[in-house]
Protein chains: 2
Amino acid sequence: MTDGTCDVENPDEKAVAEIKSEMPDHELIFKITDNFKAISDPTRLKILLALYKKPLCVCDLSAILEMSQSAVSHQLRVLRDKNMVRFKKEGKMARYYLDDEHVITLIKMGVEHAAE
Amino acid sequence: MTDGTCDVENPDEKAVAEIKSEMPDHELIFKITDNFKAISDPTRLKILLALYKKPLCVCDLSAILEMSQSAVSHQLRVLRDKNMVRFKKEGKMARYYLDDEHVITLIKMGVEHAAE
DNA sequence: TATTTAAATGAATAAGTATTCATATGACTG
DNA sequence: CAGTCATATGAATACTTATTCATTTAAATA
């Protein structure tokens, strides 16, 4: 075992090498996991589900999620940094919009999957 | 502002209440995020992508990912606990199989999304 | 203008987690 | 039967991250 593969019952070093070479590079892997990570937090998922229904201000999101304004703002910032939401300042309010249809498709599939 | 919603320009308390009532309950939200969390880690994502090509033993996965056997085993356990992979003991080896087609569909979409 | 409101943000804290290291188990092998 | 190999696992460590608290900013209002 010089290459890390098993000795036992393994005429498959070729297959292993092929799978390794076909593996997406670290950058792409990181991009993918980064997107999934964004929708892996209950607060952020709920924000996206709410905004899917209707653009909303921070205050309304805070009421819908029953969470502090600060916590919601912090998570909105995460979603903004990933370009999943955008906002428009309206007076002293900030109205947030969904800005990524792909993510909603992913979430819908996740909902179906989890609901069996 | 007694209900947490904004005073300003907000005749939408009804909409807010509706969105709140239509929000999936905590249990379902948790199920969904739990699945996404599983594929939000680069190591686990790579394991699933590799097993999608072909069932593999821990040792081969370790070689493909260029990671320690221990790290791979720990992550396989996480995926096993979520019923995303299963394994069959073959002598001293353990051959791991994908055990969740839905997850692969999600990952495929994630790949497409990330690759633009 | 002083005050209140909506939102953003930095720092601190707490909770979660991925990897490593050391060790254990069970199967094959010499 | 002693030793090696494949794998699993517990503990420790290092890192990430979600929330809270306190504060700040900018806009509306009294």
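The analysis underlying the following values was restricted to heavy atoms, covering all of them including side chains, and did not include hydrogens, waters or symmetry mates. Values in this document were obtained by computation on a predicted structure and should not be read as measured data.
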Asks: Ignoring hydrogens and angles, state whether a donor on the side chain of A:Ser40 or B:Thr33 is under 3.5 Å from an acceptor on the partner side chain.
Replies: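 Per modelled atom types, A:Ser40 and B:Thr33 side chains form no pair under 3.5 Å.
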Asks: Could you state the NZ-P distance from A:Lys89 to D:dT25, rounded to the nearest angstrom?
Replies: 13 Å
Asks: Establish, from distance only, whether the side-chain atoms of B:Gln69 and B:Ser73 form a donor-acceptor pair under 3.5 Å.
Replies: yes
Asks: For nucleotides 10-22 of chain D, just jot down a letter per nucleotide in 5' to 3' order: B, S or -, based on protein non-hydrogen atoms under 4.0 Å.
Replies: BB-----SSBBBB
Asks: Rounded off to whole Å, could you give me the CG-to-C1' distance for the B:Leu76 and C:dA18 pair?
Replies: 14 Å
Asks: Check each of A:Val103, A:Ile39, A:Asp100, A:Asp34 against A:Lys82 using the side-chain contact (heavy atoms from CB on, under 4.5 Å) test, and report the only one that passes.
Replies: A:Asp34
Asks: Which residue pairs pass the ring-ring contact (aromatic ring centres under 6.0 Å, His included) test with at least one member in residues 62-104 of chain B, sequence neighbours excluded?
Replies: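 Counting only pairs at least two positions apart or across chains, the ring-ring contact (aromatic ring centres under 6.0 Å, His included) contacts touching residues 62-104 of chain B are A:His113-B:His102, B:Phe87-B:Tyr96.
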Asks: Could you state the atom-to-atom distance from CD of B:Glu90 to C1' of C:dG26 in whole Å?
Replies: 16 Å
Asks: Does a nitrogen or oxygen in the side chain of B:Tyr96 sit under 4.0 Å from OP1 or OP2 of D:dA8?
Replies: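 Indeed, a polar side-chain atom of B:Tyr96 lies that close.
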Asks: Please report, rounded to the nearest Å, how far the P atom of C:dA18 is from the CG atom of B:Leu65.
Replies: 14 Å
Asks: Could you give the CZ-to-C1' distance, from A:Arg95 to C:dA7, as a whole number of Å?
Replies: 14 Å
Asks: Side chains of residues 15-23 of chain A: which donor-acceptor partners sit under 3.5 Å, not counting sequence neighbours?
Replies:
from	atom 1	to	atom 2	distance (Å)
A:Ser21	OG	A:Glu18	O	2.9
A:Glu22	OE1	B:Lys53	NZ	2.6

Asks: Using whole Å, report how far CZ of B:Phe87 lies from C1' of D:dT9.
Replies: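 Roughly 13 Å, once rounded to whole Å.
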Asks: Could you tell me how far apart B:Glu66 (CD) and C:dT19 (C1') are, to the nearest whole angstrom?
Replies: 16 Å
Asks: Atom CG of B:Leu79 to atom P of D:dT7: distance rounded to whole Å?
Replies: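 So the CG-P distance, B:Leu79 to D:dT7, works out to 16 Å.
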Asks: Looking at every non-hydrogen atom in both residues, tell me the closest pair between B:Leu51 and B:Val85 and how far apart they are.
Replies: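 Looks like CD1-CG1, 3.7 Å.
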